[in-house]
Asks: 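Take this structure, written in structure tokens, and hold onto it; I'll ask about it next.
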Number of protein chains: 2
Amino acid sequence: MTQKQEQLSKNQQIVLSIIERAKGPLKAYSILYNVQKRGIKAPLQVYRALEKLIEAGKIHKIESKNAFIACKNSDCEISKTTAFSICNNCEHVKEIKNSKLSKYLSNFADNSGMKYKKYNLEFFGLCKNCKLKQ
Amino acid sequence: MTQKQEQLSKNQQIVLSIIERAKGPLKAYSILYNVQKRGIKAPLQVYRALEKLIEAGKIHKIESKNAFIACKNSDCEISKTTAFSICNNCEHVKEIKNSKLSKYLSNFADNSGMKYKKYNLEFFGLCKNCKLKQ
DNA sequence: TAACAAACGTTATATTATAACAAATTAAGG
DNA sequence: CCTTAATTTGTTATAATATAACGTTTGTTA
């Protein structure tokens with residue numbers, strides 16, 4: 001019987017460590033550049049690791065930026081509900097962890113008869129710093 | 001004095017009409033293929049039109065699909081707050097217009113000190129049809 | 001009608017992502 | 001331990017998505 005993978009493979013660990021140490025979201029080819037000294041040579045190796053890391057809930061994809069960020073919420077085991085704040089000026093991205101918000105969205109139902117088990121929300125605005133400088 | 005554009009240009013009209021007649025979101029190169037008979041030959045012409053149409057609130061980009069869909073909400077003049085439901089099985093996409101939801105999200109504030117003026121929300125699940133067939 | 005902004009056309013190229021195939025590694029059951 | 005199946009890896013090639021740079025044309029307005 002095949003079980004859900006527990007342990008990360010070598011390439012997955014390498015890619016994850018790069019993303020975790022980054023200050024913000026990283027793009028796939030920027031990750032590639034960063035891991036070439038560690039033996040990962042091809043885009044596909046990076047994309048495959050990214051795919052597994054997303055499935056494992058270790059990272060999230062910021063869709064509007066095609067970039068990847070580490071999940072800092074330990075309870076986000078399988079990341080089906082994600083929310084981010086994105087600064088339009090400095091591009092700073094932060095995952096929003098707000099239980100009211102996630103409850104609200106997890107329970108949201110419109111008249112379509114559709115029950116949503118997964119969502120991704122991206123907020124845009126100016127962060128505190130950038131607001132002051134304006 | 002420069003004013004905000006009121007009238008759509010020729011290429012913008014062509015691209016918009018294709019998107020409006022489509023049953024679902026269209027990808028840029030699929031749009032390109034569809035408009036080649038009308039004289040638009042290059043990707044850039046499509047992307048430029050798409051950019052303006054988005055600014056004008058006539059269409060939205062479904063970020064998770066890199067695809068474009070017409071805005072059917074006449075009051076969505078400048079589309080800063082968008083929400084969609086996406087079926088994981090048949091890929092059907094529908095814009096969600098729910099005033100409670102939009103009010104909730106427009107007023108949402110976390111402890112980051114950031115005030116959000118724009119958001120994009122994408123819900124995933126199985127639509128009514130696909131749920132029945134499972 | 002001069003001046004400026006916006007849109008257009010075109011070529012080239014950058015960026016993001018996947019297909020296909022074979023070899024190596026890992027996990028689990030007998 | 002050995003076999004089998006699944007997963008991961010390595011590699012080359014290519015598909016799909018998007019923008020840069022340039023010069024021309026069109027439209028608006030003072």
Side-chain angles (χ1 to χ4, degrees), chain A residues 1-19 22 24-56 58-69 91 93 120 122, chain B residues 1-19 22 24-69 78 91 93 120 122:
Chain A
M1 197 210 295
T2 310
Q3 294 263 328
K4 189 164 180 68
Q5 175 192 354
E6 307 275 336
Q7 209 81 20
L8 295 179
S9 76
K10 189 191 67 171
N11 286 1
Q12 289 160 18
Q13 281 172 25
I14 293 173
V15 169
L16 178 58
S17 74
I18 296 289
I19 297 175
L26 291 181
K27 304 212 150 207
Y29 277 72
S30 147
I31 294 167
L32 175 59
Y33 177 81
N34 277 286
V35 298
Q36 280 181 330
K37 62 196 76 163
R38 294 222 244 163
I40 296 181
K41 290 176 189 164
L44 193 44
Q45 295 175 291
V46 171
Y47 280 104
R48 285 197 285 225
L50 290 172
E51 185 187 352
K52 296 297 177 183
L53 291 170
I54 289 172
E55 280 173 15
K58 302 288 187 187
I59 64 171
H60 304 299
K61 181 174 185 180
I62 311 296
E63 293 286 354
S64 63
K65 295 193 169 298
N66 297 318
F68 303 87
I69 193 173
E91 310 245 305
V93 175
N120 179 54
E122 299 181 6
Chain B
M1 200 208 296
T2 310
Q3 292 263 328
K4 188 160 181 75
Q5 175 191 357
E6 306 275 336
Q7 209 81 19
L8 295 178
S9 76
K10 191 191 66 170
N11 285 1
Q12 289 160 19
Q13 281 171 25
I14 293 173
V15 169
L16 178 58
S17 75
I18 295 289
I19 297 175
L26 291 181
K27 303 212 153 208
Y29 278 73
S30 149
I31 294 168
L32 176 59
Y33 177 80
N34 277 286
V35 298
Q36 279 178 331
K37 62 196 76 161
R38 295 222 243 160
I40 295 181
K41 290 174 188 164
L44 193 43
Q45 295 175 290
V46 172
Y47 280 105
R48 285 197 284 224
L50 290 172
E51 186 188 349
K52 296 297 176 182
L53 292 170
I54 289 172
E55 281 173 15
K58 302 288 187 188
I59 65 170
H60 304 298
K61 180 172 185 181
I62 310 297
E63 293 286 355
S64 64
K65 295 193 170 299
N66 298 317
F68 303 87
I69 193 172
I78 301 167
E91 309 245 305
V93 175
N120 178 55
E122 299 181 7

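Below, read A as the first sequence line, B as the second, and so on, with proteins coming before strands; counting in each chain starts at 1. Note that the coordinates shown come from a computational prediction; the quantities given were computed from them, not determined experimentally.
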Asks: Check whether any side-chain N or O of A:Q7 sits under 4.0 Å from OP1 or OP2 of C:dT26, and answer yes or no.
Replies: no
Asks: Check this one for me: any side-chain N or O of B:S9 less than 4.0 Å away from OP1 or OP2 of C:dC8?
Replies: yes
Asks: Does the side chain of B:K61 get closer than 4.0 angstrom to OP1 or OP2 of D:dA18 through an N or O atom?
Replies: yes
Asks: Check this one for me: any side-chain N or O of A:K27 less than 4.0 Å away from OP1 or OP2 of C:dA14?
Replies: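 A:K27 to C:dA14 OP1/OP2: no side-chain N or O under 4.0 Å.
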Asks: Please name all residues satisfying side-chain hydrogen bond (donor to acceptor under 3.5 Å, both in side chains) with A:K65, sequence neighbours left out, ordered by chain then number.
Replies: A:E91
Asks: Could you work out, with side-chain contact (heavy atoms from CB on, under 4.5 Å) as the rule, every residue matching B:S64, not counting sequence neighbours?
Replies: A:E63, B:I62, B:I86, B:E122, B:F124
Asks: Would you state whether a donor and an acceptor, one from the side chain of B:Y29 and one from the base of D:dA15, lie under 3.5 Å apart?
Replies: no
Asks: Check the distance between D:dA18's C1' and B:L32's CG and give it to me in whole angstrom.
Replies: 12 Å
Asks: Return the set of residues passing side-chain contact (heavy atoms from CB on, under 4.5 Å) with A:Y33 (not counting sequence neighbours), or none when no residue passes.
Replies: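 Scan of A:Y33 (side-chain contact (heavy atoms from CB on, under 4.5 Å), adjacent residues dropped) gives A:Q36.
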Asks: Check DNA chain C against residues 40-51 of chain B and give the residues with a non-hydrogen atom under 4.0 Å, in numerical order.
Replies: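 Here the set is B:K41, B:A42, B:L44, B:Q45, B:R48.
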Asks: Tabulate below the donor-acceptor pairs under 3.5 Å that side-chain atoms of residues 40-50 of chain A make, not counting sequence neighbours, or state none.
Replies:
{"residue": "A:Q45", "atom": "OE1", "partner": "A:K41", "partner atom": "N", "Å": "2.8"}
{"residue": "A:Q45", "atom": "OE1", "partner": "A:A42", "partner atom": "N", "Å": "2.9"}

Asks: Heavy atoms under 4.0 Å, any strand shown: does B:K65 hit a base, just sugar-phosphate, or nothing?
Replies: nothing
Asks: Any side-chain N or O of B:K52 under 4.0 Å from OP1/OP2 of C:dA7?
Replies: yes
Asks: How close or far is atom C1' of C:dA6 from atom NZ of B:K10, stated in whole angstroms?
Replies: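 Taking NZ of B:K10 and C1' of C:dA6, I get 14 Å after rounding.
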Asks: For B:S30, give me all partners under side-chain hydrogen bond (donor to acceptor under 3.5 Å, both in side chains), at least two apart in sequence or on another chain.
Replies: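 With sequence neighbours excluded, B:S30 shows a side-chain hydrogen bond (donor to acceptor under 3.5 Å, both in side chains) to no residue whatsoever.
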Asks: What residues, two or more places apart in sequence or in another chain, satisfy salt bridge (charged side-chain N to carboxylate O under 4.0 Å, His left out) together with B:E51?
Replies: none
Asks: Based on the rotation axes of five pairs at each end, what angle does the helix from C:dT1-D:dA30 to C:dG30-D:dC1 bend through, to 10°?
Replies: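 Computed from the C1' atoms at both ends, the axes differ by 40°.
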Asks: Between D:dG27 atom C1' and B:N11 atom CG, what is the distance in whole Å?
Replies: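 Taking CG of B:N11 and C1' of D:dG27, I get 15 Å after rounding.
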Asks: Rounded to whole Å, how long is the line connecting atom CG of A:L8 with atom P of D:dT7?
Replies: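 The distance from CG of A:L8 to P of D:dT7 comes to 15 Å, rounded to the nearest Å.
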Asks: Mind checking the CG-CG spacing from B:N11 to B:L53? Nearest 0.5 Å is all I need.
Replies: 10.0 Å
Asks: Check for a donor-acceptor pair, side chain of A:E55 on one end and backbone N or O of A:K52 on the other, with a separation under 3.5 Å.
Replies: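 Not a single qualifying donor-acceptor pair exists.
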Asks: Run the side-chain contact (heavy atoms from CB on, under 4.5 Å) test on A:L26 and A:F68 for me, step by step, so that the C-alpha distance in whole Å, both residues' side-chain angles and the decisive distance to 0.1 Å come before the verdict.
Replies: CA-CA 5 Å; A:L26 291 181; A:F68 303 87; 5.6 Å; no
Asks: Rounded to whole Å, how long is the line connecting atom CG of B:N66 with atom P of C:dT15?
Replies: 17 Å
